[in-house]
Amino acid sequence: MVGDALSIEPYGVMFRRDDPQLKAAVDKSIRKMLESGEIASMYKKWFEQPVPPQGINLNFPPSDHIRHAWERPSDSADPADYR
C-alpha cells in the first residue's frame, strides 16, 4: 500500500435507526473514548504495534482523515465531511 488513497471510507457504527436510547449510549461511549484518549490508544495497539499471535505490525498510523473524525465526530457518512 503506497501512494495516495483511491478512496476514503469512514469508519462507522451501525444499529437500528429507530433506537434513540442505543444511539445515545453509543454516542456517550465513543465520546468518552475520544475525550480520554482511549480510542487513540486502541488504534495504536491494533494498527501500529505488533499484533498477536504472529506479532505482525501493520505500521499504519492514523490518517489525517481519521484524526479529523476523532476531533469532530459526526453522524455523517459523507466522505467530504472527513477532509
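Numbers for residues simply follow the sequence, beginning at 1.
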Salt-bridge criterion met for Asp19 and Lys23 (N-O under 4.0 Å): no
Any Pro73 side-chain heavy atom under 4.5 Å of Ile30 side chain: no
Intermediate values then yes/no, side chain to side chain contact (heavy atoms under 4.5 Å, CB included), Ser63 and Ile66: CA-CA 5 Å; Ser63 68; Ile66 291 172; 3.5 Å; yes
Considering all heavy atoms, the nearest Pro50-Gly55 contact: CB-O, 3.5 Å
Nearest heavy atoms of Leu58 and Trp46, plus distance in Å: CD1-O, 3.8 Å
Verify same cluster id: Met33, Val13 (apolar side-chain graph, 4.5 Å): yes
Aromatic ring pairing Trp70/Tyr43, orientation class (parallel under 30°, perpendicular over 60°, tilted between): perpendicular
Exam field: side chain Asn59 to backbone Glu48, donor-acceptor pair closer than 3.5 Å: no
